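Values in this document were obtained by computation on a predicted structure and should not be read as measured data.
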Amino acid sequence: QVQLVESGGGLVQAGGSLRLSCAVSGRTFGTYAMGWFRQAPGKERKFVAAISWSGGSTLYVDSVKGRFTISRDNAKNTVYLQMNSLKPEDTAVYYCNRAPNLIMVRDQGQYDYWGQGTQVTVSS
């Protein structure tokens, strides 16, 4: 079973920045698209951003466009989420996961395993 280990969360003031990391086990990391998701208190988990296996294509939810940047390092089996200009509404637990291709990343029904996530709290 793949292991997903998210890190980099914390408490930051509005307008600040954080860089999240997701380390993925296994030798097939470079063949999967990767995605970031978030779950705010009392709400369902939602898609945030995705990146193709090569890193050449990305997708973002409208609310984070221009503020968040997803990237990956296939040599390190790691995907990143650089978050700038953070807002209180970005407060959530952030998770990563993998999918066979970029289009499928949004479909959370395919995922049978999630990591522990990393908490991001943005104060106003």
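- Between N97 atom CG and W36 atom CH2 the span is 10.5 Å, to the nearest 0.5 Å.
- Within the structure, the salt bridge (Lys or Arg N to Asp or Glu O under 4.0 Å) test picks out the following pairs touching residues 17-39 (sequence neighbours left out): R38-D90.
- Taken from OG in S25 to CG in N77, the straight-line distance is 8.0 Å, to the nearest 0.5 Å.
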Could you check M34 against V24 for side-chain contact (heavy atoms from CB on, under 4.5 Å), going step by step and ending with a plain yes or no?
CA-CA 10 Å; M34 294 296 301; V24 183; 3.8 Å; yes
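- Heavy-atom minimum distance, S21 versus T78: CB-CG2, 4.2 Å.
- Judged by a 6.0 Å distance limit and a 45° cone about the ring axis, R72 is positioned over the six-membered ring of F29.
- Residue Q119 holds its CD atom at 9.5 Å from CG of L11, rounded to the nearest 0.5 Å.
- The salt bridge (charged side-chain N to carboxylate O under 4.0 Å, His left out) check on R106 picks up nothing, with sequence neighbours excluded.
- Minimum heavy-atom separation, E6 to G117: OE1-N, 3.0 Å.
- Listed here is the closest heavy atom pair of S124 and P88: CB-CG, 3.8 Å.
- Using a 4.5 Å heavy-atom threshold, the side chains of F47 and L59 count as touching.
- Each of V93, L81, L20 was scored for a side chain to side chain contact (heavy atoms under 4.5 Å, CB included) with V120, with one residue passing: L20.
- Expressed to the nearest 0.5 Å, how far OH of Y111 lies from CE of M104 amounts to 8.0 Å.
- Here the side chain of Q116 pairs no donor or acceptor atom with the backbone of V5 at under 3.5 angstrom.
- Put simply, the side chain of E89 does not reach to within 4.5 Å of the side chain of V122, judged on heavy atoms.
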Begin with the C-alpha distance, continue with both residues' side-chain angles, and end with the deciding distance and a verdict on side-chain contact (heavy atoms from CB on, under 4.5 Å) for V61 and K46.
CA-CA 9 Å; V61 67; K46 295 185 178 180; over 6 Å; no
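- In this structure, OG1 on T58 lies 8.0 Å from CG on L102, to the nearest 0.5 angstrom.
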Evaluate side-chain contact (heavy atoms from CB on, under 4.5 Å) for V105 paired with F37, printing each intermediate quantity in order.
CA-CA 10 Å; V105 170; F37 304 81; 3.9 Å; yes
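- Y60 is not listed as a side-chain neighbour of R67, based on a closest heavy-atom distance of 4.5 Å or more.
- Every pair passing disulfide (SG to SG under 2.5 Å) that includes a residue from residues 36-111 is listed here, sequence neighbours excluded: C22-C96.
- Placement of V79 and V48 within a single hydrophobic cluster is found when ILVMFWY residues are connected by side-chain heavy-atom separations under 4.5 Å, directly or transitively.
- For the atom pair CD1 of I103 and OG of S52, the computed distance is 10.5 Å after rounding to the nearest 0.5 Å.
- No side-chain heavy atom of T28 sits less than 4.5 Å from a side-chain heavy atom of W53.
- The shortest distance between side-chain heavy atoms of L4 and Y95 does not fall below 4.5 Å.
- Closest of all the heavy-atom pairs between S17 and S85 is OG-N, 4.4 Å.
- Ring pair F68/Y94 is tilted by interplanar angle, where 30° to 60° counts as tilted.
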